[in-house]
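Following: one structure in structure tokens, then a few remarks.
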There are 2 protein chains.
Amino acid sequence: MMSQSADLEAVRSYHHGDLRRAILESTLEIIDKQGLEAVSLRAVARRLGVSEAAPYHHFSGKQELLAVLAADAYRSFGECLTTAVGSAADDPFARLNALARAYIEYGLESRGRYRLMFGNHMVDLGEYEEVQVAGRPTRAILESVIAGCVGSAKVDAAAIENISWSLCHGLTSLIGESEIVFDGGSGDGERLIEVGISILIAGIRAHLGLPAAS
Amino acid sequence: MMSQSADLEAVRSYHHGDLRRAILESTLEIIDKQGLEAVSLRAVARRLGVSEAAPYHHFSGKQELLAVLAADAYRSFGECLTTAVGSAADDPFARLNALARAYIEYGLESRGRYRLMFGNHMVDLGEYEEVQVAGRPTRAILESVIAGCVGSAKVDAAAIENISWSLCHGLTSLIGESEIVFDGGSGDGERLIEVGISILIAGIRAHLGLPAAS
DNA sequence: ATGGTATCTAAGCGGTGTTCAGATTGCAAG
DNA sequence: CTTGCAATCTGAACACCGCTTAGATACCAT
């Protein structure tokens, strides 16, 4: 009997057979296809042919369900960034370039997941420790990349990290959500990303007292 | 009789006496005090001692109400930015500095209004012409400031505009919403703003081929 | 005074998140 | 194998929400 393995929670199969997992998958599908706002516990339950109260036996509520999915998203996001940085040239700023590109591209490709992690919705993700834990390695990548750029310079590396993060987040939001105040025919997101990262890196280099060229 | 002035819509006073305006004020108060998500047409109506269906005689629905308030917010936001730029030193990058500071500070002080304009909620603000019109001058400020920085250089000014906007938006979000992935004890938002703008300006200068100092 | 129009109300539709008592089922111990 | 516990699921309900409709009410210009 393989019932001993508790962490292999795929075995849970009572009346429905692996609800929880089905709920997670179904909800993620809705997030990807119809967007974050379209998620509704009742609808998910209905779609799975199960009572509308059933999900509450696997999640304390909608917030927790979304928090679990957010933690998943953080993990996959982190892996994506790690891969990108790993396959970049062996140069600190080339790594930063790859990191920023990967960040923005992930955010544009997986808008729903991205908004789940960084969007402003009712959920206080920060209150779920699982989410915090899942997000920490992602942050660590950024820290190591920036540490490489900063080298032994005496500057506030954390500030540079947050600024890099901010620019990526801002660009992703601007391109992805096409906010108002976005008229200039510069609809070319690709160029925007390129120039944005270039300006970021040039700014950091200047801030560190490094010469302009690579 | 002062009934001829139609644009002075404060005179509208039937059963309740200036509902519409009361709804707008009450909703704005909720946005400021309890946040955007706490807005509910029914609650507003109840709070004003009026039927829960009454608001629908002044707004086609919740979306339109929020769109009207968003347009207001854009106007006040634009005025704030204009003032800041106007009282800055007569130098292109000093103006950009003032603009960015004013942007971020407004976003941090008026989080509710800021999220109404730039947050991700159910409302498609872009579909309301009034919002577009109200946002255009705000964009124009940015355009003129960046135009001053760019001068006669042959670069894509619109891209630089959008990147500046993105960094401001990203920083505002990061500091204001304290997203996850924000552990570094660099809780000093003031320093973050300072370094952020400094890096942005240095990056733009480098992108334009200008020397580092001012 | 009268008619039209703007305004407001009451009631209702369908949707949501959530809770609760009770029915059902699987599993493990006796 | 039976018994009992605990996990799982259901049906009904509560309190909200946005929105619509039919009808009552009040104002204003004629």
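Side-chain atoms are counted along with the backbone in the values below, which use heavy atoms only and exclude waters and symmetry mates. Order of the sequence lines fixes the chain letters, A, B, ..., with proteins taken first and strands second; residue numbering starts at 1 for each chain.
- The interatomic distance linking B/His58 (NE2) with D/dT20 (C1') rounds to 17 Å, in whole Å.
- Going from atom CG of A/Asp18 over to atom P of D/dT8 covers 11 Å, rounded to whole Å.
- When each of D/dC17, D/dA12, C/dG17 is scored by its nearest atom to the side-chain atoms of A/Ala53, the top-ranked nucleotide is D/dA12.
- Under a 4.0 Å N-O distance rule, the pair B/Glu143/B/Arg136 does not qualify as a salt bridge.
- Summarising the geometry, the separation between CZ on A/Arg47 and P on C/dT16 is reported as 13 Å, rounded to the nearest angstrom.
- Closest to the side chain of B/Arg42, from the set D/dG11, C/dA10, C/dG12, is C/dG12.
- Between the CD1 atom of A/Ile30 and the P atom of C/dT16 there is a distance of 10 Å, given to the nearest Å.
- Nearest-nucleotide assignment on DNA chain C puts the 5′-proximal partner with B/Val50, out of A/Val39 and B/Val50.
- The shortest distance between side-chain heavy atoms of A/Ile193 and A/Arg101 falls below 4.5 Å.
- Of the two residues near DNA chain D, A/Ser51 and B/Ser40, the one whose nearest nucleotide lies more 5' is A/Ser51.
- Separation of the A/Phe77 and A/Tyr106 ring centroids falls under the 6.0 Å cut-off.
- As a whole-Å value, the separation of B/Tyr56 OH from D/dC19 C1' is 5 Å.
- Rounded to whole angstrom, the span from the CD atom of B/Glu37 across to the P atom of C/dG17 amounts to 15 Å.
- Rounded to whole angstrom, the span from the CD atom of A/Gln63 across to the P atom of C/dT18 amounts to 7 Å.
- Interatomic distance, B/Ile146 CD1 to B/Trp165 CH2, rounded to the nearest 0.5 Å: 10.5 Å.
- Whole-Å rounding puts the B/Leu19 CG to C/dA6 C1' distance at 13 Å.
- For the OP1/OP2 pair of C/dC8 and a distance below 4.0 Å, the side-chain nitrogens and oxygens of B/Arg20 include no atom meeting the criterion.
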